[in-house]
**Student:** 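First, the structure itself, so that you have it in front of you.
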Amino acid sequence: MTTVASFNVEYIQYLSPSGELVGDEVPAIAKDYEQIKSLYETMVLTRVFDAKAISLQRTGKLGTYASSLGHEAVHVGIGSAMKYEDVFAPMYREYGVQFCRGVKMSEVLLYWGGDERGSDFSGPPHDFPWCVPIATQNTHAAGAAMAFKLRKEPRCAVTVIGDGGSSKGDFLEAINAASAFKLPMVMVIVNNGWAISVPRAKQSSGETLAQKGIAGGLPSIQVDGNDLFAVHNEIKKALDRARNGGGATVIEAITYRLSDHTTADDASRYRPDEEVENAKKIEPISRIRQYLMNNNQWSVQQENQLKEQCALKVEAAVKTYQNTPKPAVTDMFDYMFAELPHDLAEQRKYAEELEKNG
Amino acid sequence: MTTVASFNVEYIQYLSPSGELVGDEVPAIAKDYEQIKSLYETMVLTRVFDAKAISLQRTGKLGTYASSLGHEAVHVGIGSAMKYEDVFAPMYREYGVQFCRGVKMSEVLLYWGGDERGSDFSGPPHDFPWCVPIATQNTHAAGAAMAFKLRKEPRCAVTVIGDGGSSKGDFLEAINAASAFKLPMVMVIVNNGWAISVPRAKQSSGETLAQKGIAGGLPSIQVDGNDLFAVHNEIKKALDRARNGGGATVIEAITYRLSDHTTADDASRYRPDEEVENAKKIEPISRIRQYLMNNNQWSVQQENQLKEQCALKVEAAVKTYQNTPKPAVTDMFDYMFAELPHDLAEQRKYAEELEKNG
Amino acid sequence: MANITLVEAVSLALAYELEHDNDVVVLGEDVGINGGVFRATSGLAEKFGEERVIDTPLAEAMIAGMTIGMATQGMKPVAEAQFMGFIFPMVEHIVCHAARFRNRTRGRLSCPLVIRAPFGGGIHAPEHHSESVEAIFAHIPGIRVVIPSSPSRAYGLLLAAIRDPDPVLFLEPKRIYRLHKEEVIDDGEELPLDMCFELREGTDITLVTWGSMVKETLEAADKLAERGISAEVIDVATVSPIDMDTIQESVKKTGRCVIIQEAAKSCSVGSEIAANLAEHGLYSLMAPVKRVTGYDTIMPLFKLEKKYMPSVERILKAVDEVMEVS
Amino acid sequence: MANITLVEAVSLALAYELEHDNDVVVLGEDVGINGGVFRATSGLAEKFGEERVIDTPLAEAMIAGMTIGMATQGMKPVAEAQFMGFIFPMVEHIVCHAARFRNRTRGRLSCPLVIRAPFGGGIHAPEHHSESVEAIFAHIPGIRVVIPSSPSRAYGLLLAAIRDPDPVLFLEPKRIYRLHKEEVIDDGEELPLDMCFELREGTDITLVTWGSMVKETLEAADKLAERGISAEVIDVATVSPIDMDTIQESVKKTGRCVIIQEAAKSCSVGSEIAANLAEHGLYSLMAPVKRVTGYDTIMPLFKLEKKYMPSVERILKAVDEVMEVS
Ligand SMILES: Cc1ncc(C[n+]2csc(CCOP(=O)(O)OP(=O)(O)O)c2C)c(N)n1
Ligand SMILES: Cc1ncc(C[n+]2csc(CCOP(=O)(O)OP(=O)(O)O)c2C)c(N)n1
Ligand SMILES: [Mg+2]
Ligand SMILES: [Mg+2]
């Protein structure tokens, strides 16, 4: 019996829930207070936006909405580590990443408001839109990374997957593709404990989800997903490696879905309250605020100002959303093909006339 | 940074290419000469059958055929370790397993001769037939294992996959299923170096294929797939563990496809001759013969007798195959549903009349 | 006897079969304690335990593959695809295996399984939650495709689907999951899997439909009655195999036919019915057949979904055109 | 100018586009040094290198997903599904993404990709190597489905498919891959993606078909000519979108129509064509439409495959029935 291969999965955390630096290593970002403040602001904005979106849905002004409550460190950590020319392939709740990349809040609202124009967004034009069919985004990211590699562009693809989604073949095939083609790619498993009502433990009896990357021999780590420093720093390292021809990395970020799955869900049916209460104690925003305050970089007054600014920004976004004129019936047809085929042109005409006379 | 999980992949070999026992451990089978002889006979029979099948194809008496040349140890190792009540979910070339389980050579020929009746075979009636859509058999095996588990039957599902097929989502999802449900199951990766023209190295840059099992936290090992003792022993151990509630195992058996992919393939287009020549030196049959001879358990006379017997058996099988009456046109319809729906009954009538008048 | 909705009738049928047949298990994403995202499996896990009502990992190909594996070994699994928009990873297993094991093995192995999926639009759902792709499966030989359109038909057809020795795709029109209640007797009586339901007798025109479009079609028939036009309404219910005899009989009587479906037009179930009329009903037809369908476009996000789906108005317009011809 | 087979025409078109457009890459299982199991990509890896002609791991969903990802980023990938029977793992990506990116993003991203697949039976291949499921994709809005039936049409249509800014499924009738040779000028001239080809003019009956069935249909037309029946033969070629105008025009002239396809009957491309005639060609029809198709059964293993596939005899029988009516 000979050992032919050995693997470890490491867990990385820099900032404790109480806002203290832990461990020996201090990542560069921990001393860059301006950047921390800016990212903190985005995290808070994301959360204020989130609450507003939920209330819009509750009052019938928005469709089903997938909350990002509790995911702010993972999302902003990813978004802040990426370059504009990189490509992001999201699932459906990574607003924090997208805000870092220039997507507007009003565009997010448009999308969940049932309007395709939300996906024609102000973020990088090469970024992927929201992706509902779970895990399919992962091989799209692999394809994008392949394009960058073939064209010898120093760009990377970053994609996310949930703990639930990490069970689906597409994610596993994407890992394999990243391995086979040595793709410039980072795959983040956002393990928030739940896939709608199915707990992480039911997805796999594996010790970690990160180890799915070992299947392809990829560097595979776990980070505290509520620790902005850990997420940002590890994604950055992985991106640097990828950009330099070192291939892909799998990062499992452990966080918690503090909200219902979406506004169509009622998590109290299947999830104990204590679990949620405990998770709130280690949520990602307060520890950054605490860290900034501990280092005399943040005050109660600044916090209040920020809250106010965020509320105003969100209000403005809601207004833009609500003032967007309705889409035209013909929009259904006009983006199907670059050039409308004959049969569809006929159907378009019928729909248009129906609209006029209806 | 803390290490949260560690994994090793071990490689197991008991019998060297020259027929010597290597390593400290001696598996029980190595001393059971009667069993070895019986398995050796099945291996030789499989090889004689294989050569005949290819020649039948070359002379237009059989359709495309997938050779098992070089895989005899993996196949017979699996088949001999399984119990009748276990279920086997094959790909398309595991005749060695199937001969151990009672499938007849004439049935294999019927199948490749383009006749569904080959899959209504004499092996265990619960065994799966040949499976062409790669890797789909793996989740079927998981389903069978789930049935055994739910019914609390002490049975296991055994399934195989190629080095190529190990890239496909179904295999990876089956690993995950085995992990999530702790299924009584053994998954064997028959790594024969090639997936038609695509070499193992292009499937993944992972050090081993066995490590795909680590994705689900399953015990995952590599064995010398040309070593009957290693295959038989490790499958048996894995089956014992599975039967006792210990869950699934992934075993990568390293062997070599000594033939073309199928009779429709020409491996000389893409594969260097030296590689094949080198592989022949470590093929699985001669080392068993050598081992038996080294231990005075086998003679040239016995060898000649065996060859003759095998030839006779194969001839008889070919005769049975060739004497099988043609299927009826109506067979196309009669097994579609337990009860023929109205519209199909009409189509059946049309086809039948066409046949009569045609 | 209870007054229940269509989705409750689904639960009731599942509970009945779980109770009476130990080989039946229910599996899928969120079907356990959550009772399914539409509550179609509500209460079942509590009542029958986690070994009979199984939450699976998130992997549809795996669900389909395991369902097939279980079925070949003598179980009767009822799997759920959470929405029809997520059934696509199951397609390889449905087409290549569920539909084929009996034929492939000349009857040695079979697939007595059901795959349930809520389908169709009109509930303001997100992207991929409103698809109607029954035609894909109706084209595939070896699998039945069944679509109930009332609580009692849901109950009786689902029981039949579970008991059927062959694979059945059971598509639930989610827009009418809770539309109205009906008395359903929980007596385990099944309905046939190869028969249309004549919902309304008529003499002037035949309206053929299935699923949630039954609602608009019946409304249109009411409006037509007010105008003195007597419409026969047929719920196809089993879109594979289709009971064309009943449809042909009806058209023989009325001489006119409009087919209404939510799905896209091309190569659809509606195409098959119209084609069949072109082949076997030509001499019955006093006017061209008309199809009122979803457009050959992507089902739009919900701001436009109503514009995509056939409306009462569109049905009436088609009927008018067909009635004009004499 | 060269006398080449259909499969050689495929290679020729691929080589032309690889040569003239740097964004084009070819990918799939065994497409590299092996040149594909049918040699459709023969010599391309040698000529253009492994970065343009890429052997992939064995994973069709991955191939489709990566193809889409590459296409959205401005490349023009041409992927191969080794056989149409193995296209099913690609279905989720084709339906949910390839067909939708342009619409979903209101034109921001698009999918200028091609997926090629050899399809159909009749070559004594193993199980799953003989499927004809074009109808599944022809039902899906947002993707074109193109089927050549001669070397020159393969060349021109494939060029058009690669250059088209939207996704195209390009199905190659493998039974006629090497049936006969034709002179094909390698001038990069494409053919339109929305037009039938009239292969033979006639006045008595319209025979509509595509793919390898063009062979039997032309043979039947010859036989009919001997008997004094003048058959018009139309190769649909682009089964989505279908050029119904040409077909309607022809039926207006002949008054009779037989549709011939290898695929199963129900909810198929043939259904769509017949349905369209029931809707818009009723007054042209002097006799019922007839479909000659594969049965609604599993494509049998090869001992029976000939019995499954429409034969010249079956076509003639259908024509006789249709001609009888006056
Ligand atoms: C292929 C597919 N199957 C099912 C669904 C329905 N669905 C939407 S979200 C979800 C759970 C996802 O859980 P996870 O991957 O953990 O991500 P999270 O929502 O927790 O961020 C499911 C089952 C889907 N969108 N796509
Ligand atoms: C889903 C699917 N894709 C493609 C094929 C075509 N095909 C048949 S065998 C094969 C290669 C398989 O290689 P491997 O898994 O290594 O098994 P081996 O044949 O070497 O035993 C391919 C691509 C198939 N049968 N199924
Ligand atoms: Mg989750
Ligand atoms: Mg192999």
**Student:** Of B:Val198, B:Asp266, B:Ile196, which meets side chain to side chain contact (heavy atoms under 4.5 Å, CB included) against D:Asn34?
**Tutor:** B:Ile196

**Student:** Flag the pair D:Glu60 / B:Pro133 as yes when at least one side-chain heavy-atom distance between them is below 4.5 Å, and no otherwise.
**Tutor:** no

**Student:** Sort out for me which of B:Tyr335, B:Phe171, B:Tyr111, B:Tyr65 touches chain D most, counting heavy-atom pairs under 4.5 Å.
**Tutor:** B:Tyr111

**Student:** Where the side chain of B:Glu116 meets the backbone of D:Pro300, is there a donor-acceptor pair that is under 3.5 Å apart?
**Tutor:** no

**Student:** Once you round to the nearest 0.5 Å, how far does CD1 of D:Ile33 lie from CZ of B:Arg271?
**Tutor:** 12.5 Å

**Student:** Where the side chain of D:Glu127 meets the backbone of B:Val132, is there a donor-acceptor pair that is under 3.5 Å apart?
**Tutor:** no

**Student:** Could you check B:Arg117 against D:Lys303 for side chain to side chain contact (heavy atoms under 4.5 Å, CB included), going step by step and ending with a plain yes or no?
**Tutor:** CA-CA 11 Å; B:Arg117 289 172 294 179; D:Lys303 280 239 173 87; 5.9 Å; no

**Student:** Would you give the length of the straight line joining atom CZ of D:Arg314 to atom OH of B:Tyr350, rounded to the nearest 0.5 angstrom?
**Tutor:** 4.0 Å

**Student:** At a 4.5 Å cut-off on heavy atoms, which part of B:Ala135 comes close to chain D: side chain, backbone, both, or neither?
**Tutor:** neither

**Student:** Roughly how far, to the nearest 0.5 Å, is CE of B:Met332 from OH of D:Tyr308?
**Tutor:** 9.0 Å

**Student:** Can you name the closest pair of heavy atoms from B:Ala195 and D:Asp30 and give their distance?
**Tutor:** O-OD1, 3.4 Å

**Student:** CG of B:Leu354 to NZ of D:Lys307: how many Å apart, nearest 0.5 Å?
**Tutor:** 8.5 Å

**Student:** Does any heavy atom of chain D fall under 4.5 Å from the side chain of B:Met336, the backbone, both, or neither of them?
**Tutor:** side chain

**Student:** Under a 4.5 Å heavy-atom cut-off, does chain B meet the side chain of D:Phe86, its backbone, both or neither?
**Tutor:** side chain

**Student:** Taking all atoms of both residues into account, what is the closest heavy-atom pair of D:Ala59 and B:Ser167, and its distance?
**Tutor:** CB-O, 3.6 Å

**Student:** Any idea which of B:Gly118, B:Gly113, B:Gly63, B:Gly165 has the most non-hydrogen atom pairs under 4.5 angstrom with chain D?
**Tutor:** B:Gly113

**Student:** If every non-hydrogen atom of B:Gln347 is compared with every non-hydrogen atom of D:Asp296, which pair is closest and at what distance?
**Tutor:** OE1-N, 2.8 Å

**Student:** Could you tell me the separation between the OG1 atom of D:Thr56 and the CD atom of B:Gln203, rounded to the nearest 0.5 Å?
**Tutor:** 7.5 Å

**Student:** Apply salt bridge (charged side-chain N to carboxylate O under 4.0 Å, His left out) to D:Glu50 and B:Lys202, showing your working.
**Tutor:** CA-CA 12 Å; D:Glu50 288 199 18; B:Lys202 285 197 176 179; 3.5 Å; yes

**Student:** Is it the case that more than 12 heavy atoms not belonging to D:Glu321 sit under 6.0 Å from its CD atom?
**Tutor:** yes

**Student:** Verify the neighbour count for atom CG of B:Asp273: are there more than 12 heavy atoms of other residues, nucleotides or ligands below 6.0 Å?
**Tutor:** no

**Student:** Nearest 0.5 Å please: distance from the CG atom of B:Asp331 over to the OG1 atom of D:Thr297.
**Tutor:** 11.5 Å

